[in-house]
2 protein chains.
Amino acid sequence: MDKDKRVRRTKKALQNSLLTLMEEKDFQDITITDIVTTADYNRGTFYKHYKYKEDLLDEIIEDVMTGLIESYREPYNDKETLEVPSLSSSVIKIFDHVERNSKFYQIVIRSNALPGFQEKFIQTLKKLAFEDLPAFPSNPDVNPDLQASFHSYAILGMIIEWVNGGLKHPSSYMAEQLSALLKAEPMKTAFKTKYVLPTWHKKEPSI
Amino acid sequence: MDKDKRVRRTKKALQNSLLTLMEEKDFQDITITDIVTTADYNRGTFYKHYKYKEDLLDEIIEDVMTGLIESYREPYNDKETLEVPSLSSSVIKIFDHVERNSKFYQIVIRSNALPGFQEKFIQTLKKLAFEDLPAFPSNPDVNPDLQASFHSYAILGMIIEWVNGGLKHPSSYMAEQLSALLKAEPMKTAFKTKYVLPTWHKKEPSI
DNA sequence: AAGTAATTGTTGACTATCAAACAAACGCTC
DNA sequence: GAGCGTTTGTTTGATAGTCAACAATTACTT
């Protein structure tokens, strides 16, 4: 698919161009002419590859998601000691990937293109959980779909928080945080505070 | 000349590729295949534009020299108050230009391509002095060629020192330094110590 | 000296990108 | 609603860049 150097080069240039423009203005205000002008390509070239600018944006997201999948699987690629992928080791790679593609994530998360991206991102993470984690789901009692969704959205939430804060922390810190959050079984604590305490408070109902 | 977007794009890519490679190894150890591989172009494309890699290097230097001339002339371009170019105001632009093209200057000055570059650089500066400085030469007693050479090599010397030190100082500092050096009339001081003193010493020749 | 691997320079068929032009549709402002 | 600049798609022939193959040269190894 598109092995020609020219095609790859052109598409990358148009992608970068669109992303750069999205830093300044809303997606709907960006014209095709804008895109090709900043990329310094001919307009006809755009139409050779895409029909609408939406196609270009979709392709950008698609490419980044492909990169995400590769990052996720990378630690197990050239290891003869066929290590079993664990949630923790894979998740570090996700944060690394976000860090490397910070420009994309910052722009898209802050843009009006967020919903479309979020859908694809969640879908990708879910797929990875099912296909790559042999020990998934960890507990026979839990609904796998629910757990996958839970984890995927949890990670998305961390990333959005991280990105909106300007990616101040290194990716290793984010991995630590997630690890700590998982170990602390935060839901239990939350539930304890929110629901268990009240019941403990209304002690001695009038018999 | 070469207004086609593809040509400009390709040449820039090949230029950058060669410069990047020159950071790692000697110019003579770089193969055409190296150049096109890192630039991700086809080898045939190289031969469409150049015969030898020397052509490419020459073109790089030529382009930077063109940029130098433009920088030099830029302060007087869109001024209605046709200001007379002065040595001091123009020289600041030279340092700015070096700062902007620091990658090029660092690589070339440290490489074995320095002699060829130096020749073109001096030649450019001399030409600028003659064509752009109406008050040049400043003193009717001095040989214009000698003065031009003097100034050109002096600036080259400062730049080489500056670049080899890793461009630690801002260009404004370099301009200040040059200004200070010119104001201090350093040659006079040097001559005073070395040659004037002796003559002063042999006062009162025996009549 | 022979063998081989890497690099060179060149070719030809194929395709992507180019510039330039055009008509149509879309805001605008008056 | 008429005029006007901008953006849009689309088309044209010309050219740049691609890929794969090839023989010639160079450089290294045995």
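Lettering of chains follows the sequences in order, A, B, ..., and the numbering in each one begins at 1.
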Can you check whether [X] has a side-chain N or O nearer than 4.0 Å to OP1 or OP2 of [N]?
X: T33(A); N: dT8(D); result: yes
X: R9(B); N: dC18(C); result: yes
X: T45(A); N: dC18(C); result: yes
X: H49(B); N: dA16(D); result: no
X: Y47(A); N: dT10(D); result: no

Problem - Closest nucleotide among dA19(C), dC19(D), dA16(D) to the K5(B) side chain - result: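 My answer, after comparing the listed nucleotides, is dA19(C).
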Exercise for the section: Can you figure out which of dT8(C), dG17(D), dT17(C) approaches the side chain of K48(B) most closely? Expected result: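 Selected nucleotide (nearest to the side chain): dG17(D).
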Handout entry: Donor-acceptor pair, side chain of D55(B) and main chain of K51(B), under 3.5 angstrom
Key =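 Between the backbone of K51(B) and the side chain of D55(B) there is a qualifying donor-acceptor contact (under 3.5 Å).
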Problem - Check: H97(A) ring centre within less than 6.0 Å of Y105(A) ring centre - result: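 Centroid separation for H97(A) and Y105(A): below 6.0 Å.
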Exercise for the section: Determine whether the aromatic ring centres of W162(B) and F95(B) lie less than 6.0 Å apart. Expected result: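 Under 6.0 Å, so yes.
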Problem - Check ion pair D63(A)-K11(A) (N to O, under 4.0 angstrom) - result: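 Result for this pair is no, no salt bridge flagged.
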Roughly, in whole Å, what's the span from [atom1] in [X] to [atom2] in [N]?
X: Y52(A); N: dA25(C); atom1: OH; atom2: P; result: 16 Å
X: R43(B); N: dT7(C); atom1: CZ; atom2: C1'; result: 7 Å
X: K51(B); N: dT10(C); atom1: NZ; atom2: C1'; result: 12 Å
X: K12(B); N: dG17(D); atom1: NZ; atom2: P; result: 15 Å
X: K11(A); N: dA16(C); atom1: NZ; atom2: P; result: 11 Å
X: F46(B); N: dT11(C); atom1: CZ; atom2: C1'; result: 18 Å
X: D4(B); N: dG13(D); atom1: CG; atom2: P; result: 18 Å
X: I32(B); N: dA6(C); atom1: CD1; atom2: P; result: 18 Å

Handout entry: Along DNA chain C (nearest heavy atom to each residue), the more 5'-positioned of I30(B) and N42(B)
Key =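 The residue closer to the strand's 5' end, by nearest nucleotide, is I30(B).
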Practice task
Please state whether the base of dT17(C) and the side chain of R6(B) form at least one donor-acceptor pair under 3.5 Å?
Solution key: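 Between dT17(C) and R6(B), which were checked side chain against base, a qualifying N/O pair under 3.5 Å is present.
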Practice task
Examine the side chains of K12(B) and Q15(B) and answer whether a donor and an acceptor come within less than 3.5 Å of each other.
Solution key: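 There is such a pair (donor and acceptor under 3.5 Å, judged by atom type) between the side chains of K12(B) and Q15(B).
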